[in-house]
Each structure stands twice: as structure tokens, then as C-alpha cells.
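Within every chain, numbering begins at 1; the chains are lettered A, B, ... in the order of the sequence lines, protein sequences first and strands thereafter.
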Amino acid sequence: MATFKDFRNSVKPNWCPGCGDFSVQAAIQRAAANVGLQPENLAVISGIGCSGRISGYINSYGFHGIHGRSLPIAQGVKMANRDLTVIASGGDGDGFAIGMGHTIHAIRRNINVTYIVMDNQIYGLTKGQTSPRSAAGFKTKSTPMGSVEQAISPMEMALTAGATFVAQSFSTDLKDLTALIEAGIKHEGFSLINVFSPCVTYNKVNTYDWFKENLTKLSDIEGYDSSSRETAMQTLMKHNSLVTGLIYQDTERKSYQQLISGYSETPLAQADLTLDQQYFDKLVTEFI
Amino acid sequence: MINQLSWKVGGQQGEGIESTGEIFSIALNRLGYYLYGYRHFSSRIKGGHTNNKIRVSTTQVRSISDDLDILVAFDQETIDVNYRELNEHGIIMADARFGPKSPEDSKAALYAVPFTEIATELGTSLMKNMVAIGATSAVLDLDINVFEEVVQEIFGRKGQQVVEKNMEAIKTGYEYMKEKLGGSIETMQLEKADGQKRLFMIGNDAIALGALAGGCRFMAAYPITPASEIMEYLIKKLPALGGSVIQTEDEIAAVTMAIGANYGGVRALTASAGPGLSLKMEAIGLSGITETPLVIIDTQRGGPSTGLPTKQEQSDLMAMIYGTHGEIPKIVMAPSTVQEAFYDTAEAFNLAEEYQCPVIVLTDLQLSLGKQTVEPLEFDKVEIRRGKLQTGELPEIEGKGYFKRYEVTEDGVSPRVIPGMKNGIHHVTGVEHEETGKPSESAANRIAQMDKRFRKVSNIKFNTPVYKNAPHEEADLLIVGFNSTRGAIEEAIGRLEKDGLKVNHAHVRLIHPFPVDDILPLVKSAKKIAVVENNATGQLANIMKMNVGHAEKIYKLLKYDGNPFLPHEIHSKCKELF
């Protein structure tokens with residue numbers, strides 16, 4: 001059995017001291033060990049930005065792609081090898097700005113991939129510009145007078161896009177976050193986990209203290225029913241989406257790979273690439 | 001008796017013009033004739049002039065003809081737009097319904113035939129196309145029974161009554177025209193064909209079939225003209241092989257999903273046309289620097305932007321060679337026939353894995369959509385070669401060392417492993433990286449990795465990089481082209497030779513890396529070189545000048561009005577060079 005230490009490699013992250021992403025990295029490593037994975041059976045696919053570097057900091061197969069495209073790459077990997085556990089990850093700019101189109105469609109497509117967003121409400125690697133998650137009025141280098149655009153609410157958006165697994169967490173809640181990632185990996189279908197992961201360098205508003213003051217744990221809400229989309233939506237609206245825990249899970253709906261016809265039970269990556277002559281002849285005859 | 005003729009049917013889009021051409025040509029193909037079709041259509045579903053021109057011949061043809069023998073018109077616009085193509089024997093058969101008028105300077109005989117009226121009397125005006133096929137058969141003196149099988153196949157699922165009605169429509173059209181002509185037209189009697197059953201397909205069919213034969217088991221794509229048929233075919237066929245096609249949310253998702261799937265270890269494809277390729281460019285660079293195999297089909301159409309989306313053009317050449325920022329090794333192939341499209345697509349998957357780089361298979365609208373008779377595809381010529389893909393157990397790596405996925409090797413190609421393999425863990429990133437894939441900004445490493453990547457394709461092994469028909473040691477003229485211009489060039493050369501010129505032909509099948517050694521002797525031994533291409537700037541001619549020099553004798557022979565070259569255009573422009 002692999003332990004979380006087996007998912008560590010020798011690379012020292014280039015994140016700022018105190019960055020929320022360290023805990024996300026640790027949570028992925030712990031969750032991977034807890035669900036019984038071996039390092040070679042995990043593929044972490046990441047985007048561009050500070051958080052996008054995470055695929056290089058975990059001892060597993062890792063693919064650091066291009067900005068905003070971790071999800072289509074991850075879905076391609078999963079289609080090629082259904083036996084792999086595939087985690088896609090990146091920041092809020094990666095997933096909710098340049099990659100938003102892919103996020104919505106990955107949600108509705110429901111391929112069995114776990115998507116972990118490190119949401120710091122700012123662009124860190126480019127040194128402090130507004131993100132679609134920045135609140136209206138938020139002052140950054142690109143919004144010196146304060147942002148006049150509304151922040152998007154990814155959790156509400158995910159529910160309306162037909163998500164089957166929606167969760168949110170805070171990077172300091174290592175135990176809860178690890179449990180959510182485990183649940184996401186085990187979920188048959190697409191799982192979205194948004195993690196508040198504070199940027200200690202450029203975001204002086206949404207700090208660790210700010211989150212501690214403003215977040216509500218769903219486990220503290222009596223009788224919260226994560227199988228009800230209606231409850232989930234109402235709760236998000238009531239708390240301005242500042243909740244943590246499993247927001248919604250649909251355990252009934254089948255994943256994309258369960259629904260499509262003919263799809264190989266064994267990984268496509270192991271498919272026999274040769275056709276037999278008779279089959280080819282049959283294909284050709286259709287053109288006569 | 002003649003050995004070839006051209007038939008064109010035209011009307012409004014959505015009127016069944018395409019299926020009329022389809023039924024006519026499938027039947028003739030089965031009689032053993034060689035066919036070559038070209039559809040003139042617009043980017044809309046209903047309305048707008050459309051026509052389907054079909055050349056019928058007793059020998060292989062790979063070009064539309066200069067002229068036209070028979071024009072079947074369902075509206076006046078069809079006559080007005082197309083009558084100038086008709087030759088001295090040409091005739092027009094037009095639906096009597098719209099009261100067809102012969103243009104003043106038209107010399108063609110015009111027959112008003114009650115296509116719609118006959119069809120309506122038999123049950124539905126939809127069958128007017130069948131009446132037209134019958135009337136055409138009368139002119140050509142074809143036995144109408146040849147259509148029975150095709151009609152059965154197309155309408156069989158709608159019930160036997162529908163089949164019989166359609167056959168009756170053909171028969172009535174046939175009899176009407178026979179009576180009107182008092183027989184058939186002597187100048188339009190085709191020599192008997194050899195009765196051989198040959199394939200009848202579009203280039204996109206061959207590409208899709210080549211992908212299956214080449215081991216492709218996954219495709220991600222976004223619908224676009226003129227590439228969608230590739231996806232549609234594979235959607236039908238891949239599930240039976242355990243594979244799958246995903247229609248993605250956009251072009252970028254299509255290419256990055258294909259990259260992910262290739263990284264995951266399956267042979268994966270994406271296909272698009274110009275606008276889609278523009279969107280895929282950043283990802284093509286990712287495939288290049290991460291050395292992830294990737295096969296992309298670019299079915300060229302009129303650009304830029306939306307351009308002429310349903311028209312012929314060959315203007316993506318430079319973009320395909322140089323597209324993506326930065327510099328990556330890349331392979332760009334350009335099949336010139338449907339057969340080559342099949343073999344080249346299958347081979348593209350081998351090259352992508354052997355050289356671990358993006359491989360672009362370039363076609364053009366005429367090759368992708370022109371339906372034609374094809375000689376047998378030899379399946380046993382298709383090989384599966386996976387290059388340095390590691391199989392079996394890998395040796396253990398000490399400590400937490402990563403597998404050297406980007407090991408600097410003599411040939412530049414590094415061993416490749418796929419996720420899931422024990423002891424194969426490494427990192428993949430679009431950031432410059434060292435041998436295990438970890439990011440590195442060191443100058444020495446940058447040079448080592450850049451050189452390694454380019455070393456891969458510096459000695460590419462490619463079977464027949466240039467199709468050559470070069471009978472002359474010293475030629476007056478060398479004509480160079482790529483993709484679908486081959487047929488028109490071949491016919492033009494036949495005429496130029498009759499004019500007394502010595503003409504060699506080179507059709508470039510491997511566009512990049514440019515096959516200098518292969519083509520240079522032909523360039524040297526020719527007095528003049530005409531580079532024939534469907535674009536406005538002479539992209540292939542410029543690539544030739546860059547790679548083989550001799551700019552002083554390279555002439556650009558260009559056409560960029562959205563239509564394919566006709567043999568006479570190449571013939572006359574080449575003659576002007578002398």
C-alpha cells in the first residue's frame with residue numbers, strides 16, 4: 001500500500017511561503033493514498049498559473065498543459081485509459097476565465113474526472129490582476145478603480161450545468177478537503193471541488209482570516225441534504241456561496257463512459273491496433 | 001462512341017440536387033465507369049444555387065472537365081449560370097415547369113421536360129429528380145435497370161411502394177425523352193465500361209478509413225465544413241472497435257482532448273478546416289514541445305476568417321508549416337488522391353508516434369468532398385509502427401528519480417511511456433524542461449532539448465515524398481503542385497506534350513520537412529518551373545524558392561476564385577511561359 005509520502009517527489013514548489021496551494025497539494029497526496037492508489041495509476045493534469053504547477057509537485061504521472069485547457073486534456077487521458085484516476089487542477093483564472101467553456105461542458109459531459117480549482121480570487125503569477133472570482137469593487141493592477149464586473153459563482157453555475165458532484169473547501173481544512181477529494185475520486189462521473197486557497201502576496205482582501213470569518217460549514221447546517229439540488233441552490237444563494245463541504249451529489253446519474261455504446265471495458269490504450277482483413281473488406285464494400 | 005462525358009444537375013439547395021447526382025453516379029460507377037464529381041454549394045441549407053458536376057469516363061479521371069455535355073436544370077438560374085460550359089454538342093434538359101428560356105448566345109439544344117409534372121402525376125413532385133435521371137438515361141441510351149439496385153438501397157427502408165414509384169419515375173422520364181428525341185443522341189453514346197466494381201468515395205471517407213486502418217481509436221472534433229464527414233464516419237464505426245468520438249465544445253477542446261488521449265496511449269485524431277486550425281495553433285505547440293504524438297487533418301477551404309467556407313482553396317500551407325508561436329518539429333503531409341489520403345492518414349499515426357510530434361495531413365475541399373472512383377485500397381500496405389513506445393516492465397529507478405522521458409539521444413527520439421506504467425513516472429510540461437520533464441531554464445539544457453527535438457525530423461523516412469511523372473531528362477517545363485490539382489495538371493501535361501513541349505510533373509506529398517533531395521534534380525533539369533496552386537500568394541512556390549532556390553525560373557500559376565483548376569487553364573497559362 002502506498003502512503004501519502006509515496007506521492008511526494010523531490011521538487012520544491014515555487015509557491016510563496018504561506019500560499020494556500022501547499023495544503024491542496026498535501027490533500028491530493030493524502031486522498032490518493034487513502035483511496036488505495038499507486039503513484040503510477042494517478043494522472044494529474046494542470047493548467048497555467050501558480051496553481052498549475054501542482055502536477056509537477058506530486059509523484060504521479062503529471063501533465064502541465066496550456067492555459068485554461070486542463071479539462072479537455074484530462075478528459076482525453078481518461079478516455080484513453082479508464083483505469084487511471086485522473087485529477088484536473090488549476091486556478092480560478094484557468095477554470096473560470098479562459099477555460100470556462102471547458103468547465104461547463106466537462107460538467108455536463110460527466111466524464112469520470114475530478115477537477116480541483118485553487119480559487120484565490122486573483123491572478124497571482126502575472127502579479128496581481130482581477131479574476132472572474134474577484135468581487136465587484138476589488139482593486140487590482142488591472143482594476144485600479146475597483147472591478148465593475150460581477151464575480152461569478154462557480155458552484156451555482158455547476159448546479160445549473162447539470163453537475164453530479166459539487167463541493168467547496170478551504171485550504172486550511174486539510175482533513176475535510178482530503179475527504180472531499182477522496183469522495184470526488186470515488187464519484188462515478190465528473191466532480192468539481194472549488195478550494196479557497198488564499199494568495200498571501202496579491203490578495204489582501206480574501207485572506208485566511210477573511211475566510212475564517214465568512215465561511216459556513218455545511219456540516220454545521222442541521223439536516224443539510226446534499227442530494228437535493230434545490231436545497232443546494234438555496235443554501236448557496238443564502239450564504240453568498242461561502243459554504244464548505246459536499247454541496248451536491250447525484251449518485252444515480254451514469255457517467256459519460258457508462259452511457260456511450262461500444263466503449264471498451266479495457267483501457268483503449270491497450271487496444272489491438274490492427275484490424276482484421278475481413279473486417280476491413282466489409283468496411284470497403286460499403287463504398288461500392 | 002465517346003469515352004467520357006460530363007453531366008451537371010443544378011437547382012436550389014434543398015431540392016435533392018445532391019441525391020440526384022449520387023444515384024446517377026453510384027449506378028454508373030457500378031457499371032465500371034470512372035467518375036469524378038464536384039459539388040458547387042453554399043453555406044446554407046435551403047435555397048441558393050447548387051450544382052453537382054459529374055464526369056463519367058472509361059479511364060481514370062481526377063479532375064473536373066473543361067466543358068459540359070448535359071445540363072439538367074431545375075430552375076432558370078442553373079441555365080444562366082452554367083450554359084457557357086456546354087460544348088458544341090451540349091444539351092440542356094430543363095424542367096418545363098418554370099418555362100425555361102435559352103440565353104441569347106447559347107448554342108445548346110434546350111429540351112423542356114415536364115420533370116415536376118410527371119413526378120406529381122406519379123404521386124409526389126419530390127421524384128422530379130428521378131424523372132431527370134430517366135431522361136438522362138434516354139439521351140445516353142443507358143439501360144435504366146442499372147438504377148434499380150441503387151434505388152432499392154436508398155428508398156428500400158421507406159417500403160417497396162416507394163421503390164417502385166421511384167423506378168416508375170425513372171422509366172417515365174426515360175420514355176418521355178426517348179419519344180421526344182426519337183431515340184438517343186448519337187454523340188453521347190458512351191463506350192461500354194469494363195464492369196469492374198470499384199470504390200466510389202470522397203477523400204474524407206478515405207481519411208476516416210485510413211484512420212481506422214492506422215489504429216486510431218479515439219477522435220475529438222468540432223463540426224466544420226469540409227471536415228465533418230470524417231467525424232461522422234468514425235462516430236458510426238469506432239464503437240464497434242471499442243473506441244469513441246467526442247464532439248467537443250470547441251476546436252481548442254478538440255485538439256487538447258486529442259493530445260490528452262494520445263498522451264494516455266491511444267491513437268487519437270482531430271480534424272478541422274482553416275478556422276479550426278487557427279484556433280488549434282497554441283495546442284499544436286504544446287504537442288511539439290511535450291513531444292506528444294498528434295494527428296490533425298486540415299481540410300483546406302477558402303480563407304481567411306470564414307472566407308469561402310464551401311469553396312476550393314489551398315492557402316493554409318504556410319500556416320500549417322509555421323503555425324504556432326515558437327519553433328517545433330512538425331510533419332505536414334499532402335496526399336493528392338483519394339488513395340493517397342487513405343495511406344497517408346494511416347501512416348500519419350506511425351509518424352506521430354515514431355517522431356513524437358504533431359503530424360498534419362493537409363487536404364483541400366476538392367479532394368475532401370469530390371466523390372470519385374477509386375482503385376482498390378490495399379490493406380496489407382498499412383503498417384502499425386509505434387516507435388520508441390516502451391512496453392513490458394521498466395527497470396526500477398533509484399530513490400524518487402523520474403523516468404527520462406526526454407532523454408537526449410542520438411536520433412533525438414526519446415523512449416516514451418504512457419501513464420499507468422510502473423517506473424515510468426515523469427513530468428510533462430509545455431514549459432522548457434530537462435530530461436525527466438522537470439522545468440528548466442538553463443541555457444545549456446535549452447539548447448540540448450531544442451536540438452534534440454529538431455534532430456528527430458532531420459532524417460525523416462518517408463515513402464514517396466514526391467509523386468513524380470518525369471519522363472524527360474531535360475525538360476522544358478516542370479509543373480509542381482500539391483493536393484487535388486494533380487488530375488488537372490496531368491491532363492494539361494498531356495496537351496502540352498502534344499504541343500511539343502517536354503513536361504515533367506512533381507506533386508509534393510511531404511510538404512514539411514520539404515523533400516529537397518527528391519525534388520532538386522527535377523528543378524535543375526527543367527528550363528522553367530510552374531507551381532500550380534489555389535491561393536493568391538504562391539505559397540508552395542515560395543517554399544520551393546526557400547528550399548531549392550532557382551527563383552529565377554520559378555513561375556506562379558495561381559487561382560484563388562474559389563473554384564478548382566480546369567485542365568485548359570493550366571494548359572494555356574503554361575503555354576504563355578514559352
Original post:
chain A: which of Thr391(B), Leu286(B), Ile384(B) shares the most heavy-atom pairs with it under 4.5 Å?
Top reply: Leu286(B)

Original post:
Looking at Ala253(B), Pro419(B), Gly424(B), Gly265(B), which makes the most heavy-atom pairs under 4.5 Å with chain A?
Top reply: Pro419(B)

Subject >> Heavy-atom pair of closest approach, residues Ala269(A) and Gly264(B) >> reply: CB-O, 3.3 Å

Original post:
Which of the residues Asn9(A), Leu275(A), Asp272(A) is involved in the greatest number of heavy-atom pairs with chain B at under 4.5 angstrom?
Top reply: Leu275(A)

Original post:
So do the side chains of Arg386(B) and Leu273(A) get within less than 4.5 Å of each other, counting heavy atoms only?
Top reply: yes

Original post:
Contact part of Arg53(A) toward chain B, heavy-atom cut-off under 4.5 Å: side chain, backbone, both or neither?
Top reply: side chain

Subject >> Partner chain B: residue of Leu71(A), Asn81(A), Asp83(A), Leu268(A) with the largest heavy-atom pair count (under 4.5 Å) >> reply: Leu268(A)

**OP:** Apply the test side-chain contact (heavy atoms from CB on, under 4.5 Å) to residues Tyr61(A) and His427(B): give CA-CA distance (whole Å), side-chain angles for both, the deciding distance (0.1 Å), then the verdict.
**Re:** CA-CA 6 Å; Tyr61(A) 280 89; His427(B) 192 47; over 6 Å; no

Original post:
Under a 4.5 Å cut-off applied to non-hydrogen side-chain atoms, are Glu249(B) and Arg109(A) in contact?
Top reply: yes

Subject >> Contact leader toward chain B among Val77(A), Ile66(A), Val86(A), where contacts are heavy-atom pairs under 4.5 Å >> reply: Ile66(A)

Original post:
Looking at the rings of Phe287(A) and Phe342(B), which for Trp means the six-membered one, are their centres under 6.0 Å apart?
Top reply: no

**OP:** Not counting sequence neighbours, which residues clear side-chain hydrogen bond (donor to acceptor under 3.5 Å, both in side chains) with Ser25(B)? List them please.
**Re:** none

Original post:
With only heavy atoms counted, which part of Val284(A) is less than 4.5 Å from chain B, the side chain, the backbone, both or neither?
Top reply: both

Subject >> Atom pair CZ/OG1 of Phe379(B) and Thr274(A) - distance to nearest 0.5 Å >> reply: 7.0 Å

Original post:
Checking heavy atoms, do the side chain of Glu149(B), its backbone, both or neither come under 4.5 Å from chain A?
Top reply: neither

Original post:
Looking at Lys237(B) and Glu286(A), does any basic side-chain N land under 4.0 Å from a carboxylate oxygen?
Top reply: yes

Original post:
So which of Gly62(A), Ser70(A), Ser264(A) has the biggest tally of heavy-atom pairs under 4.5 Å with chain B?
Top reply: Gly62(A)

Original post:
Under 6.0 Å between ring centres, would you say that holds for Tyr263(B) and Phe63(A)?
Top reply: yes

Original post:
Should we say atom NZ of Lys404(B) is surrounded by more than 12 heavy atoms from elsewhere, each under 6.0 Å from it?
Top reply: no

**OP:** Counting only heavy atoms closer than 4.5 Å, note whether Val150(B) contacts chain A via side chain, backbone, both or neither.
**Re:** neither

**OP:** Please determine, among Gly56(A), Ser10(A), Ala43(A), the option with the most heavy-atom pairs under 4.5 Å with chain B.
**Re:** Gly56(A)

Subject >> Proximal component of Ser55(A), with respect to chain B [non-hydrogen, under 4.5 Å] >> reply: both

Original post:
Hey, which of Leu238(B), Ile252(B), Ile259(B), Asn29(B) has the most heavy atom pairs under 4.5 Å with chain A?
Top reply: Ile252(B)

Original post:
What residue, out of Val255(B), Leu377(B), Asn423(B), Ile418(B), has the most heavy-atom pairs lying under 4.5 Å from chain A?
Top reply: Ile418(B)

Original post:
In terms of heavy-atom proximity below 4.5 Å to chain B, should Ile111(A) be classed as side chain, backbone, both, or neither?
Top reply: side chain

**OP:** Compare all side-chain heavy atoms of Met79(A) with those of Ile246(B) and state whether any distance is below 4.5 angstrom.
**Re:** yes

**OP:** Below 4.5 Å from any heavy atom of chain B, which atoms of Ile260(A) appear? Answer side chain, backbone, both or neither.
**Re:** side chain

Original post:
Can you name the residues that form a side-chain hydrogen bond (donor to acceptor under 3.5 Å, both in side chains) with Asp194(B), not counting sequence neighbours?
Top reply: Arg198(B)

**OP:** Tell me, for Thr290(B) versus chain A, whether the close heavy atoms (under 4.5 Å) come from the side chain, the backbone, both or neither.
**Re:** side chain

**OP:** Mind checking the CG-CG spacing from Leu209(B) to Leu283(A)? Nearest 0.5 Å is all I need.
**Re:** 6.0 Å

Subject >> Side chain, backbone, both or neither of Ala258(B) within contact of chain A (heavy atoms, under 4.5 Å) >> reply: neither

**OP:** Please report the C-alpha distance between Val382(B) and Phe280(A) in whole Å, then the side-chain angles of each, then the deciding distance to 0.1 Å, and finally whether the side-chain contact (heavy atoms from CB on, under 4.5 Å) criterion is met.
**Re:** CA-CA 11 Å; Val382(B) 175; Phe280(A) 181 77; over 6 Å; no

Subject >> Part of Ile45(A) lying under 4.5 Å from any heavy atom of chain B >> reply: side chain

Subject >> Sub-4.5 Å side-chain heavy-atom contact between His64(A) and Val431(B) >> reply: yes

Original post:
Taking side chain as C-beta onward, heavy atoms only, is Thr256(B) less than 4.5 Å from Gln75(A)?
Top reply: no

Original post:
More than 12 foreign heavy atoms under 6.0 Å from CD of Glu441(B): is that the case here?
Top reply: no

Subject >> Minimum heavy-atom distance between Pro239(B) and Ser261(A), given as atom pair plus value >> reply: CB-O, 3.5 Å

**OP:** Return the option, out of Val417(B), Ile26(B), Leu241(B), with the maximum number of heavy-atom pairs under 4.5 Å with chain A.
**Re:** Leu241(B)

Original post:
Within a strict 4.5 Å, meaning less than it, do heavy atoms of the Gln257(A) and Ser244(B) side chains meet?
Top reply: no

**OP:** With a 4.5 angstrom heavy-atom cut-off, could you sort out which part of Asn14(A) is near chain B: side chain, backbone, both or neither?
**Re:** neither

Original post:
Tell me, side chain or backbone of Lys422(B) under 4.5 Å from chain A's heavy atoms, or both, or neither?
Top reply: both

Subject >> Neighbour count above 12 (heavy atom, 6.0 Å) for Phe7(A) CZ >> reply: yes

Original post:
Of all of Gln277(A), Glu265(A), His102(A), His105(A), which one pairs up most often with chain B through heavy atoms under 4.5 Å apart?
Top reply: His102(A)

